[in-house]
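A short worksheet on the structure shown next.
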Amino acid sequence: MKPLLAESSGWPGVDEHVVLPFAEAAGRSPHPPLIPLEGDVLLFAFLCAGLVGGFFLGYLYRSLFVETGERA
């Protein structure tokens with residue numbers, strides 16, 4: 001039995017199998033990604049962005065959602 005191995009180009013995702021055929025049928029060409037990161041680096045970037053956003057939301061939670069009175 002032959003083991004299942006990924007191709008050298010990586011595993012194709014939803015973009016290649018679902019979106020790309022419809023875009024090509026409509027005459028649209030794929031554009032380069034907005035964030036030129038790949039693989040685990042992209043996941044790490046989203047993790048850092050979530051941590052920073054979560055920190056600020058937690059830091060400003062009371063002033064945004066709880067305290068409704070005017071400040072002097």
Side-chain angles (χ1 to χ4, degrees):
M1 184 173 207
K2 186 176 180 181
L4 298 173
L5 298 175
E7 296 176 7
S8 62
S9 64
W11 291 359
V14 174
D15 292 342
E16 289 89 5
H17 281 284
V18 178
V19 178
L20 187 60
F22 284 106
E24 289 174 346
R28 305 280 306 258
S29 62
H31 56 68
L34 297 174
I35 303 172
L37 303 175
E38 294 182 3
D40 291 339
V41 177
L42 183 62
L43 293 175
F44 183 71
F46 277 106
L47 172 71
C48 291
L51 288 173
V52 170
F55 173 77
F56 282 114
L57 184 62
Y59 183 76
L60 299 172
Y61 178 80
R62 279 188 30 199
S63 64
L64 289 173
F65 299 112
V66 177
E67 297 173 359
T68 58
E70 290 187 29
R71 295 183 179 177

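Keep in mind that the numbers below use all heavy atoms, side chains included, and drop hydrogens, waters and symmetry copies. Bear in mind the structure is a predicted one, so any value in this text is a computation, not a measurement.
- Cluster partners of L47, by chain and number: F44, L51. The rule joins Ile, Leu, Val, Met, Phe, Trp and Tyr whenever side-chain heavy atoms lie under 4.5 Å apart.
- If you chain together hydrophobic residues whose side chains sit under 4.5 Å apart, V41 and L43 never meet in one group.
- In this structure, F46 has no ring-ring contact (aromatic ring centres under 6.0 Å, His included) partners at least two apart in sequence or on a different chain.
- Taking Ile, Leu, Val, Met, Phe, Trp and Tyr as members and joining any whose side-chain heavy atoms lie under 4.5 Å apart, directly or through other members, the hydrophobic cluster of F56 also contains V52, F55.
- Looking at residues two or more places apart in sequence or on another chain, you find a side-chain contact (heavy atoms from CB on, under 4.5 Å) between L57 and L64, F65.
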